[in-house]
There are 2 protein chains.
Amino acid sequence: MKHTRSAITLDDVARHAGVSASTVSRVLAGKNVVRSSTVLRVQETARRLGYVVNPHARVLAGGTSTTIGFLVRAMFGPAFSALASGVEAEAAERGSLIMISTTRGDPDREAELVKMMRDQRAAAVILVGEAHIDDAYELRMATYADALTAVGSRLVLAGRPPLTSRPNVASVQYDNVAAGHVATQHLLELGHRRILCATVTGMSTSSERLAGYRAAHAEAGLPVDDDLILEGSSTAEGTEDLVSRALSAGLNFTAVLAITDVLATGALRALRRAGVEIPDAVSVTGIDDDPTAADLDPALTTVRIPFEEVGRVAAKLCLGHRQSTDLHRVLPIELVVRHSTASPPTT
Amino acid sequence: MKHTRSAITLDDVARHAGVSASTVSRVLAGKNVVRSSTVLRVQETARRLGYVVNPHARVLAGGTSTTIGFLVRAMFGPAFSALASGVEAEAAERGSLIMISTTRGDPDREAELVKMMRDQRAAAVILVGEAHIDDAYELRMATYADALTAVGSRLVLAGRPPLTSRPNVASVQYDNVAAGHVATQHLLELGHRRILCATVTGMSTSSERLAGYRAAHAEAGLPVDDDLILEGSSTAEGTEDLVSRALSAGLNFTAVLAITDVLATGALRALRRAGVEIPDAVSVTGIDDDPTAADLDPALTTVRIPFEEVGRVAAKLCLGHRQSTDLHRVLPIELVVRHSTASPPTT
DNA sequence: TTGAAAGCGCTAACAA
DNA sequence: TTGTTAGCGCTTTCAA
């Protein structure tokens, strides 16, 4: 069944403006080879007729698409929301649409989705979020990048380690090492010497933040007691458990650096359950600055990660000129001191 | 600059399989008019060559697109996440992609976005979330629906009032009236007689839930004291204020029905701040069953809204057959009793 | 500075 | 059951 072809085509505009289709195409593409009086007439006609390009025809004829592919692990959580909002806001300002899909952390699925997006001729594909760093990672990203570049698209890594060896992969990151560093430094400056670190295994984000924790200690000439590093859980509940166990095992510490705000809430709960005063007996800091961090009790000291800005920059990288010089951007982080940290008790 | 046209086209497949392009097209479209031996040969060839249709060419030639347009107010919150995940999951199972964009509650922007999605020939456009119900609402939706229907697409309303007068608008809703009703009934059955209702003005969702509150009272032969209806705020903070003020004004009530879980957290805070025991002195129930509801203290009694299922059904409505009979689906809700409700004090 | 002509990869009458 | 023939609406050489 044919549907009403109500849409105005480029040919309609050409006819009404008394020029050829090619000229209209040139005007609309902003090629400055057309006489300005013609430009004006064509633009006026297009507006009057309410003409809108047919994106499919444009792409098919070899033109460029402006839709952005956006691949995330899952559509949950404040980090996702902020980042996605950033991408969307930037895209909206430029009249682009975004195609979103979830990988569920499955590399095969991820690969398939990248392929789908490429087949849709996405202007670029953004891959978001912490990655399991294994040997295959670099190779996978390189494969994606090549597949995309081959059709004039591009790969943009957001919040993931960049592939600096590759000239065709763009990236936006936040400085995870600095985040771990500044949080630890804050604790160290308050006088804490035994800082528990609740972290996750095998994820790029956590290991970088942990590196910051170590670096801050090294800088201050202080050793790190590896017993203080609590690895393993990526949930609030898990961390609650781990911290509770550390507490009842009599582990000695006066502060906790949770590698994410989510883990921090777990630590907070464990401490509170054990009747430990925060921050009087033990200080707690998170990293991320989730919107809820300020609402915790006590309000959480944390490190702000500019997720929305990351999204915006990623979108810019997608839509920007190919030869853009700085393909690798690192966004600054910022310590946010609230009420969950204080000097250690002066026993 | 031309890019490597590495992609295999339908013509390539036709040539390799020794048939015409149309035959390949028919096979791929699943039209059962082709000899089965041919079907097999073509499928085999397509697979061997790694052929993937070019969606742009397909759409341009009058074929049908399978990408879903998804318009939300903002990409925040558990309800959004669950609903979007549902849409995405269903779409993924069918090999569809979804285009997402945010309206920011601006009708003009919404209209423009619907137009963009139509120009992209989205298979259907899902409009999500509570709507300001004014006179223009119905007209706006009807306009969208007609614009979409004209190009073989369709409008799907999710979590919004349906346009039953229109045969070309599909909808999935959850039963808001029942939600308000069941929560109120629960409170009534516990023995509460003065139930404060924290609600929002002018939104379809809230007014329906409020209607449930009234209905439950009417059914029990109980009057509703309009002083108990606290209208105005749509945030936890605002509700905290309102409830605090009601408390200090000496308003008499033994339970609170918050029209959303978010408002419930505000009520909880106000009550706790005033030293009111929950649920011993005052019971509180929310509606929505946000993932965090169980983590509140005390764990919140609420009504589960099947957001993810709403998303799945909406996606099905997008991709399903046009002549699908039940264009209007209402999904059931369910009371979840936890620890924030109890019988009123027997003073 | 502009137009004519040739596709991009696919679908859909219409024939055969 | 299959092939032939036209396009869908746009971009882009190549000429003028």
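Bear in mind that the values here come from a model prediction, so they are computed numbers and not experimental data. Order of the sequence lines sets the chain letters (A, B, ...), proteins ahead of strands, with each chain counted from 1. Just so it is clear, the values below take in all heavy atoms, side chains as well, and ignore hydrogens, waters and symmetry mates.
- The distance between atom CG of B:D11 and atom P of D:dA6, rounded to the nearest whole Å, is 16 Å.
- Distances shorter than 4.0 Å separate none of the side-chain N or O atoms of B:R35 from OP1 or OP2 on D:dT1.
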Apply the test salt bridge (Lys or Arg N to Asp or Glu O under 4.0 Å) to residues B:E110 and B:R104: give CA-CA distance (whole Å), side-chain angles for both, the deciding distance (0.1 Å), then the verdict.
-> CA-CA 8 Å; B:E110 181 182 85; B:R104 298 166 203 181; over 6 Å; no
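- In the set C:dC10, C:dT1, D:dT1, D:dT1 carries the atom at the smallest distance from any side-chain atom of B:T38.
- Within 6.0 Å of CZ on A:R329 lie no more than 12 heavy atoms contributed by other residues, nucleotides or ligands.
- Between B:R26 atom CZ and C:dG9 atom P the separation is 21 Å, expressed in whole Å.
- At a threshold of 4.0 Å, the pair B:R312-B:E93 counts as salt-bridged, since one of the basic side-chain nitrogens sits closer than that to a carboxylate oxygen.
- Mapping A:S22 and A:N32 onto DNA chain C via the closest heavy atom, the residue that lands nearer the 5' end is A:N32.
- Atom CG in A:N54 sits roughly 6 Å away from atom C1' in D:dG9 (whole-Å rounding).
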Are B:E44 and B:R47 close enough, and set up right, to give a salt bridge (Lys or Arg N to Asp or Glu O under 4.0 Å), and what steps lead you there?
-> CA-CA 5 Å; B:E44 160 58 21; B:R47 186 155 12 86; 3.1 Å; yes
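- Note: NE2 (A:H56) to P (D:dC8) measures 16 Å, nearest angstrom.
- One atom, CG of B:L10, and another, P of D:dC8, lie 19 Å apart when rounded to the nearest Å.
- Contacts of B:T9 with the nucleic acid, taken as non-hydrogen atoms under 4.0 Å apart, involve only primed sugar atoms and P, OP1 or OP2.
- Phosphate proximity of D:dT12 to A:K31: present, with a side-chain N or O under 4.0 Å from OP1 or OP2.
- Side-chain N/O atoms of B:S25 include one lying less than 4.0 angstrom from OP1 or OP2 on C:dT11.
- Remark: A:T23 is not in phosphate contact with C:dT2, judged by side-chain N or O atoms under 4.0 Å from OP1 or OP2.
- Rounded to a whole Å, the CG atom of A:L60 is 9 Å from the P atom of C:dC10.
- The CG atom of B:D119 sits 13 Å away from the C1' atom of D:dG9 (whole-angstrom rounding).
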